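A short worksheet on the structure shown next.
Keep in mind it's a predicted model, so treat the numbers as computed, not measured.
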Amino acid sequence: MENRWATGDLIIRLDELAAGLTDPDCDLDDLAAIENKLIAARRRELIPSLEAHLAAAVESGGWYARHVLAGILAKTAGRTSLAALVRAYSRDLGDDQDSLSTSLYVLAQEDPAAARDILLPHAVGSDEDLRRAGIWLLGFVPDPSDLSLLAHAAQDSDERIRSVVVGTLGSHGAEPAAVDLLLNLLDDPSPQVRISSLSALGFLRQPLTLPKIRLLAADENHRVRAWVAIALGHFPASEPADLATSAVLDRLGTDADPYVREQAAAARRLKPLPG
């Protein structure tokens, strides 16, 4: 009976917390005390109520309530909370979601096979928000079999889908098919997708990608041109320290945009090239 009452008390406190998180005049210290009590309890009987309150917070656009409730759920349910947390994460409420992203990464790493069972249906589903989240999270638990899925998603009409594809492709390292897809995405109509692809290719530092990277030094978007310099700066001077790359950095060093010139100068400092 004592345990039953304890659980009942915790559910009442959870309801109080959920209500308080929607009240701008509620005392934050009181809410933090309830939050800490619920986390310390780690009572699995709370999971259904936590999931319901979390879903309601997301539906109402409460980013802070999502942050708090998702944290309690992750601590209480562990990796069995992954499905509910992915659904909560998928909705853009305007915050950075750093803590929730970290929780998702940790939980996915605990059981990659189970995580993939949850993520793959989302990655090919019809809900665009969940699809974007599923594709992004597959980067935490990559498998070569994902590359055909990613190739299809790279052609999606939604720029946000194509952007997360880039990051997930980067998790496949120097896998030739992944590198080829990143090179293709340098032709994407979205400047942000081109920038993300340059970032990924700069990190991978594959010499065969240099000619395509250098071509974007003539891109109409100044941020893309700046990221060409940033990407080239990641390549070791020996792979290769060639005149073509040096000429590109020279050209970017005289660009009309000051940010481009700044990044070209920084690339020169990182890796002096023959000129």
Side-chain angles (χ1 to χ4, degrees), residues 7 9-112 114-123 125-141 158-161 163-164 167-168:
T7 298
D9 175 64
L10 290 170
I11 290 176
I12 291 171
R13 302 311 300 275
L14 173 58
D15 292 343
E16 291 175 358
L17 175 64
L21 288 168
T22 66
D23 181 357
D25 297 322
C26 197
D27 189 295
L28 293 180
D29 289 336
D30 289 345
L31 295 182
I34 299 173
E35 177 186 357
N36 292 334
K37 180 177 182 179
L38 294 171
I39 290 174
R42 296 179 186 264
R43 296 296 292 272
R44 298 190 64 83
E45 296 93 332
L46 296 177
I47 292 173
S49 294
L50 279 167
E51 291 181 344
H53 281 305
L54 177 59
V58 173
E59 184 65 26
S60 66
W63 68 266
Y64 184 65
R66 173 175 64 181
H67 163 75
V68 172
L69 294 166
I72 299 170
L73 179 60
K75 295 287 179 56
T76 302
R79 63 175 179 265
T80 62
S81 66
L82 185 62
L85 293 178
V86 170
R87 288 193 297 271
Y89 172 85
S90 70
R91 309 308 179 200
D92 183 2
L93 303 183
D95 58 321
D96 58 27
Q97 298 202 75
D98 283 349
S99 62
L100 182 49
S101 299
T102 300
S103 293
L104 288 168
Y105 170 77
V106 170
L107 295 174
Q109 290 288 303
E110 286 182 5
D111 191 342
R116 289 180 58 80
D117 286 343
I118 293 169
L119 299 175
L120 282 169
H122 291 324
S126 58
D127 184 308
E128 290 300 297
D129 290 335
L130 278 170
R131 187 173 179 224
R132 187 170 68 253
I135 291 170
W136 175 67
L137 288 163
L138 282 175
F140 296 157
V141 285
D158 188 338
E159 173 187 337
R160 298 173 304 166
I161 295 288
S163 292
V164 295
T168 301

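Residues passing the salt bridge (Lys or Arg N to Asp or Glu O under 4.0 Å) test with Asp95 are Arg66, sequence neighbours excluded. Partners of Arg116 according to the salt bridge (Lys or Arg N to Asp or Glu O under 4.0 Å) rule, which considers only residues two or more places apart in sequence or in another chain, are Asp146.
Shortest non-hydrogen contact noted between Ser99 and His67 is OG-ND1, 2.9 Å. Nearest heavy atom pair, residue Ala123 against residue Gly134, reads CB-C, 4.2 Å. For the pair Ser81 and Ala74, the tightest heavy-atom approach, listed with the atom from each and the gap, is OG-CA, 3.8 Å. Nearest heavy-atom pair across Leu10 and Ala41 is CD1-CB, 3.7 Å. Looking at every heavy atom in both residues, Ala19 comes nearest to Thr22 through O-OG1, 2.7 Å.
Leu28 CG to Glu35 CD: the interatomic distance, rounded to the nearest 0.5 Å, is 10.5 Å. The distance from the CG atom of Leu82 to the CG atom of Asp111 is 9.5 Å, given to the nearest 0.5 Å. Rounding to the nearest 0.5 Å places CZ of Arg131 at 8.5 Å from CG of Asp158. One finds the CG atom of Leu14 at 12.0 Å from the OG1 atom of Thr7 (value rounded to the nearest 0.5 Å). Considering CD1 of Ile118 and CG of Leu138, their distance stands at 11.5 Å, rounded to 0.5 Å. Taking CD1 of Ile135 as the reference point, atom CG of Leu130 lies at 11.0 Å (rounded to 0.5 Å).
Between the side chain of Gln109 and the backbone N or O of Phe140, at least one donor-acceptor pair lies under 3.5 Å. Between the side chain of Arg42 and the backbone N or O of Thr76 there is no donor-acceptor pair closer than 3.5 Å. A donor-acceptor pair is defined here as one N or O able to donate and one able to accept, closer than 3.5 Å; no such pair exists between the side chain of Arg91 and the backbone of Asp129.
At a threshold of 4.5 Å between non-hydrogen side-chain atoms, the residues Leu119 and Val141 count as touching. At a threshold of 4.5 Å between non-hydrogen side-chain atoms, the residues Lys37 and Asp9 count as touching.
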Check residues 46-63 and write down every donor-acceptor pair under 3.5 Å in which the side-chain atom is one partner and the other belongs to a residue at least two apart or another chain.
| unit_1 | atom_1 | unit_2 | atom_2 | d |
| --- | --- | --- | --- | --- |
| His53 | NE2 | Asp15 | OD1 | 2.8 |
| Ser60 | OG | Ala56 | O | 3.2 |
| Ser60 | OG | Ala57 | O | 3.0 |

- Start with the C-alpha gap between Leu137 and Leu104, add the side-chain angles, then the distance that decides, and say whether side chain to side chain contact (heavy atoms under 4.5 Å, CB included) holds. CA-CA 8 Å; Leu137 288 163; Leu104 288 168; 3.8 Å; yes
